[in-house]
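Step one of this worksheet: look at the structure below.
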There are 2 protein chains.
Amino acid sequence: MKILTENLLFQGLDNTEIQQILNTVRHNERSYSPGETIVRQGDIIDSIGILLAGNAVGKKYTPEGEEIIVSQMAPNSIFGDVLSGAIGFSSPVTVQALKNCRVLFINYQQLLFADAPATHKVLQNIIQNISRKYFTQNKRTDILMLKSVRSKILSYLEWQKSINNSNSFSINLDRRLMADFLGVERSALSRELSRMKKEGIIDFHKNKFTLLY
Amino acid sequence: MKILTENLLFQGLDNTEIQQILNTVRHNERSYSPGETIVRQGDIIDSIGILLAGNAVGKKYTPEGEEIIVSQMAPNSIFGDVLSGAIGFSSPVTVQALKNCRVLFINYQQLLFADAPATHKVLQNIIQNISRKYFTQNKRTDILMLKSVRSKILSYLEWQKSINNSNSFSINLDRRLMADFLGVERSALSRELSRMKKEGIIDFHKNKFTLLY
DNA sequence: CCTTTTGTGTTGCTATAGCAACCTTTTTTA
DNA sequence: TAAAAAAGGTTGCTATAGCAACACAAAAGG
């Protein structure tokens, strides 16, 4: 359970406080094999999930049935927090285990209403966490609004530059995921990246990018 | 102050509880004339704003300097909640008064740490409110990801249909805002809407739409 | 009431990006 | 280590949507 002390949800809490909360609030742990579905698109859930071990992805399906990866989860990732917060909404994504996963589910309503003093801090952490997610989402919306592939790429790379505080950085998306994130065809992305490299605006190798302007 | 009892932030609280919170938490009221800026894009703010009277809009500017309306606010609208929650982020939007506005600002940190018993309920309301905004944002992202103007329109109208529980409904966006929301040219939107009407898929007049399929 | 502004629809031109198909390189795994 | 699979790059064709420009109707404002 040591991993929980580093979880964003419990930031600022010590072991005893976390234990206190777990004693008060209903929770359960479950394991999943690779490929198994943890949350299905359309499910209504009432728990916050914490990935204790393993890797998972959030997918969704377009109206045409094409599959899109919308998020990648590593140990200590939190999911279902936004969903549980918006009572009555159903999950827009399917969460699927990639490797053997161990997931801790914490009942959301009980967490909200628990009167352990530390829950107050947890609520703040939830708010902070959701807000951060909201801003990432927002940034993506801004990028998706741009009309040309090039402007999308530039906007994305600028963003990453500002996050990494450097003209040179690695991104954690491969070309397919990057194309999905920008809302363009993978081939169109490759084409434009090559063009930009040829023009000397950027340089890149695999997922390592450098801005040259 | 009667209007606050109907505010989503104070849902489930009675007058005395709201008063209690306001007594504990620093807040202030300010008026704005039409056209005046309430929050500037890039500002870092530490308060939740509640529009007590008047109308305002949230705008943002594209890299090319084009102005886009991203939200419309009526009395009792809440703004700055997500922003205050994500400590260290700066406002992605400019909030501007359209008519004479009266705004109540409530200090966010104090609201979080206040120990009036009712604040706990307020935190839950904040979470619910942010979560809802997140889902709207999410829906928009889904729509922006679609490639053709027609599929965007259909996806948007389906969504509105499900919200209104009817094949016939009014939307609260004019063509310009609708085009912005869908991330397409206004002319392209008009063209496609006309085409769809001609094909008998939909009918519309102004902002009143009917799905015919 | 007349004028101005705003909202909406229409259309021709054209660049761009989607699509499909194929190739090359790298990584995985049997 | 050979074979298979995954990731990335390239390219031709073509429909589509962006852009610009204009027309018309409705609403707002003085």
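Chain letters run A, B, ... following the sequence lines, proteins first and then strands; every chain starts at 1.
Straight-line distance from the CG atom of A:Asn207 to the C1' atom of D:dA6: 15 Å, rounded to whole Å. A:Leu193 has its CG atom 11 Å from the P atom of D:dG8, to the nearest Å. Here D:dG9 presents its P atom at 13 Å from CZ of A:Arg176, a figure rounded to the nearest Å. Atoms NE2 (A:His205) and C1' (D:dA7) sit 12 Å apart, rounded to a whole Å. Rounded to an integer number of Å, the gap from CZ of B:Arg191 to C1' of D:dC22 is 14 Å. Distance CD (A:Glu185) to P (D:dG8): 15 Å, rounded to an integer number of Å.
Look at A:Asp203 and A:Lys208 and you find no salt bridge, because none of the NZ, NE, NH1 or NH2 atoms lies under 4.0 Å from a carboxylate O. Under a 4.0 Å N-O distance rule, the pair A:Arg150/A:Glu199 qualifies as a salt bridge. A salt bridge does not link B:Glu185 to B:Arg176: none of the charged side-chain nitrogens sits closer than 4.0 Å to a carboxylate oxygen. Residues A:Asp81 and A:Lys133 are paired through a salt bridge, judged by an N-O separation under 4.0 Å between the basic side chain and the carboxylate. Comment: B:Asp142 engages A:Lys60 in a salt bridge, judged by a side-chain N to carboxylate O separation of less than 4.0 angstrom.
Residues A:Lys206 and A:Lys147 each lie close to DNA chain D; by heavy-atom proximity, the contact nearer the 5' end of the strand is made by A:Lys206. When each of A:Leu189 and B:Lys197 is assigned the nucleotide of DNA chain C with its nearest heavy atom, B:Lys197 is the one assigned upstream, toward the 5' end.
Remark: A:Arg186 is not in phosphate contact with D:dG9, judged by side-chain N or O atoms under 4.0 Å from OP1 or OP2.
Between the side chain of A:Thr37 and the backbone N or O of A:Val39 there is no donor-acceptor pair closer than 3.5 Å.
As judged by a 4.0 angstrom heavy-atom cut-off over every strand, B:Ser187 is placed among the base-contacting residues. The residue B:Ser190 sits close to a base: some heavy atom pair falls under 4.0 Å.
Of all nucleotides in DNA chain C, those with any atom nearer than 4.0 Å to a heavy atom of chain A start and finish, going 5' to 3', at C:dA17 to C:dT26.
Sorted by first then second residue, the ring-ring contact (aromatic ring centres under 6.0 Å, His included) pairs that include residues 75-95 of chain A, not counting sequence neighbours, are A:Phe89-B:Phe135.
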